[in-house]
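Down below is the structure, laid out as structure tokens.
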Amino acid sequence: MSLRVYNTLSQEKELFEPVRPGKVGIYLCGPTVYKPSHIGHAVGPIIFDTIKRYLVYKGFDVTWVVNITDVDDKLIVESKAQGTTVYELADRITAGYLEAIRQLGVTSIDHLPKASEHIPEIIDMCRRLIDKGAAYVSGGDVYFDVSADTDYGKLSHRKPEEQQAGTRELASGEKRNPGDFALWKASKPDEPPEVQFDSPWGKGRPGWHIECSAMSVKYLGETFDIHGGGMDLMFPHHENEIAQSETCFDKPFAKYWLHNGLTRFNTKKISKSDQEMARKMGELTLTHLLSKHSPELLRYFIISTHYRRPIEFSDEEIAAKKKGLDTFYRLFERIERACRQDPYQDGPTLEQAFSSTENHADQSFIRECLDHQLRFLEAMDDDFNTGGAVGSLFEMATTINRFIDEWRLETEENPRGRDLAMAAVQTLRSLARILGLFDQRPPRAATTDHLVDDLMDVLIALRAEARKAKQYTLADLVRDRLKAVGISLEDRPGGTVWRRES
RNA sequence: GGCCGCGUACCCAAGUGGACUAAGGGGACGGAUUGCAAAUCCGUUAUUCGCCGGUUCGAAUCCGGCCGCGGCCUCCA
């Protein structure tokens, strides 16, 4: 099977072949850390974490870089407004961002370079561009000369002269062309000292795009495989990165450009600065969402749609997705009861344990599960189609549930059947882990107070007595009252189990 | 105005030239199971993929036009 990825450069799906055989370099544009991260900021990290996991699964040696932009106009404005320093603000926001994505299972980032820690590299790159005649100094600023890049616009498929360039007034009488962009910005007198760096052109700070070019070269080389980011970054940010880097090194920059769709609320892009969005922003913040929903649910919500498609965020949709996730949690609980083994403990998969079985009844179950596995992998090979992959996990869950039903594994001793079912669950988990799901048992929503467990045992025992005596009114009363306080009872073949609804 | 993306059932969402079935989830309805529920399983819920044309033996899928929604061209994940 071969991996195909959609490349924004060519606007079609291409066969994925890394620049250096066996090795893959990925650069993802991270946040500018001036305000708390929102749900949209989590999409890139979650998708690319999944992409890296899949590439590693396929045997590639992957290096993944996510930048932190901590020197920028917005940070200067915001830190002043808050009466703090640029770095205090940046550190605080960065910490919140990293903690949020860590909770969301984004664990595979290799480097998290900060712009402020790469000033020498940035200055060096500016100097090289000036030496090449592709950039010019003007009043302490350094601008990239867009006309020096003959194929400028190839990523976003637009020509600079066709844009509404006249609308952009900026304080840039010094630019030769309206399309030229700042590589280096001269410090203004009122700017905080911590963002005034020495340079050959006087005190100043990096422009917006240059840090990505400088840092990607440092960690991934002049040419690397995958560059990612939100679709809103295609122009001008990514376009300018290409212009700088390719002009500087005379080599192709990133081979594949992957752009994720934007998260929307009420059909509008989250982070848009209108009043309605401003009012809603607090609720769309990662910190707030993580206090309301489990990280696994948020990750599953994002992963259940193809990454290029825009996602509409709503409480209704989150609630619907939660019910889907519960299907898997219930299956794991069921397996645990039937097999008296922890399904979150890694064990042999079907392929590992039952590759050559003679039993006919076993064979059809194994074949069915492996067929779902194949579908999962085919979906992932098709431009990381996580939505399709999730679908095959549901089908595998149904297959396993049916097997448990048909073989009555919950009530009848059947060691072989239980081994098969457990191995199938391990197969499912081995795939889900590529998506970053079901790696660990989700923490119990309730308090872990043993008194609650003991009291529930008492109630269930009393209700069992009532049922035995056919006092169903009483038995149902217990169940209804518990339901009202958020506890549901299930009378299963092996006994009554209870669950706290969260 | 230019460039880009999206439009599949009640909702979410795969599929992007022919097979398998237009996946899967939520919801609703019916059945098995259950004392009744819950959970689980089985079945039903798109003869049709925004609209109109075209190409083709064959189109949700390719081409053209139109309509609707959104993004970018200024800071954005």
Side-chain angles (χ1 to χ4, degrees), chain A residues 8 11 13 28-32 34-35 37-45 47-48 66 69 72-74 77 97 153 155-165 167-170 179 208 228-237 239 259-264 267-273 300-301 304-306 308-312 314 316-317 319-327 330-331 333-334 375 379 382 385-395 397-398 400-406 410 467 470-473 475-476 479-480 483 488-493 496-499:
Chain A
T8 305
Q11 296 179 298
K13 281 183 197 167
L28 173 71
C29 281
T32 299
Y34 72 99
K35 63 179 179 186
S37 310
H38 54 73
I39 180 71
H41 287 117
V43 176
I47 290 301
F48 280 86
V66 180
T69 298
D72 172 88
D73 298 18
K74 295 242 173 195
V77 172
Y97 170 76
L155 179 70
S156 55
H157 308 99
R158 60 182 94 193
K159 295 182 172 58
E161 62 272 20
E162 285 175 4
Q163 303 302 305
Q164 286 186 335
T167 57
R168 159 162 60 184
E169 291 293 329
L170 295 179
W208 176 32
M231 287 199 169
D232 51 351
L233 295 183
M234 233 166 77
F235 187 91
H237 186 55
E239 197 71 71
H259 287 102
N260 62 267
L262 303 178
T263 310
R264 308 193 302 197
T267 80
K268 288 207 194 72
K269 171 182 149 183
I270 286 174
S271 93
K272 202 155 183 88
S273 51
Y300 169 70
F301 177 77
S304 57
T305 300
H306 183 88
R308 228 164 339 101
R309 191 182 172 108
I311 310 173
E312 182 76 24
S314 71
E316 295 71 34
E317 204 45 46
K321 288 282 190 277
K322 184 177 188 308
K323 298 206 170 178
L325 250 198
D326 281 341
T327 300
R330 288 214 172 88
L331 171 62
E333 288 171 16
R334 201 177 181 206
R375 297 275 198 89
D382 183 13
N385 180 1
T386 53
V390 164
S392 69
L393 291 185
F394 273 102
E395 291 184 295
T398 299
I400 299 170
N401 266 319
R402 193 193 305 130
F403 184 79
I404 297 172
D405 280 353
E406 285 172 357
E410 285 169 296
R467 291 177 70 208
K470 297 208 189 306
Q471 293 176 2
Y472 293 123
T473 319
D476 291 348
R479 191 172 59 198
D480 292 346
K483 183 87 185 171
S488 63
L489 295 185
E490 294 177 19
D491 297 323
R492 313 197 121 267
T496 299
V497 300
W498 64 277
R499 170 179 296 105

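Lettering of chains follows the sequences in order, A, B, ..., and the numbering in each one begins at 1.
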**Item:** From B/A77, B/A23, B/C36, nucleotide with atom closest to A/R375 side chain
**Value:** B/A23

**Request:** From the options B/G2, B/C6, B/C4, select the nucleotide whose nearest atom is closest to the side chain of A/R309.
**Result:** B/C6

Between the side-chain atoms of [X] and the base atoms of [N], is any donor-acceptor pair under 3.5 Å?
X	N	answer
A/R158	B/C4	no
A/R467	B/G35	yes
A/R479	B/A37	yes
A/D476	B/G35	yes

Which part of the nucleic acid, if any, lies within contact of [X], taking any heavy atom under 4.0 Å across all strands shown: a base, the sugar-phosphate backbone alone, or nothing?
X	value
A/E395	sugar-phosphate
A/I404	nothing
A/Q11	sugar-phosphate
A/S488	nothing
A/R308	nothing
A/H38	base

**Asked** For A/Y472 and B/G35, are the ring centres under 5.5 Å apart with planes inclined under 30°?
**Response** yes

For [X] and [N], give me the distance from atom [atom1] to atom [atom2], rounded to whole Å.
X	N	atom1	atom2	value
A/K272	B/A77	NZ	P	14 Å
A/M234	B/A77	CE	P	16 Å
A/F394	B/A14	CZ	C1'	13 Å
A/E239	B/C72	CD	C1'	12 Å
A/L262	B/G71	CG	C1'	6 Å

Could you check whether [X] pairs with [Y] (Lys NZ or Arg NE/NH1/NH2 to Asp/Glu carboxylate O, under 4.0 Å)?
X	Y	value
A/E333	A/R499	yes
A/D232	A/K272	no
A/R330	A/E490	yes
A/D476	A/R479	yes

**Asked** In terms of the nearest nucleotide of RNA chain B, which residue is placed more toward the 5' end: A/G324 or A/E406?
**Response** A/G324

Measuring only the [atom1] atom in each nucleotide, how far is [N] from [M]? A whole number of Å is fine.
N	M	atom1	result
B/A28	B/G18	C1'	34 Å
B/G54	B/U40	P	49 Å
B/C72	B/A60	C1'	28 Å

**Request:** Report the distance from atom OG1 of A/T69 to atom NE2 of A/H237, rounding to the nearest 0.5 Å.
**Result:** 6.5 Å

**Item:** Any donor-acceptor pair under 3.5 Å from A/T386 side chain to A/T305 backbone
**Value:** yes

**Prompt:** A/E312 side chain to A/T267 main-chain N or O, any donor-acceptor pair under 3.5 Å?
**Reply:** yes

**Asked** Taking only N and O in the side chain of A/K269, is any of them less than 4.0 Å away from OP1 or OP2 of B/A77?
**Response** no

**Strand RNA chain B in bracket notation, Watson-Crick/G-U under 3.5 Å with | for pairs to another chain** = ((((((((.[[[..)..(.....]]]((((((.......))))))....[[[[[..)....]]]]])))))))....

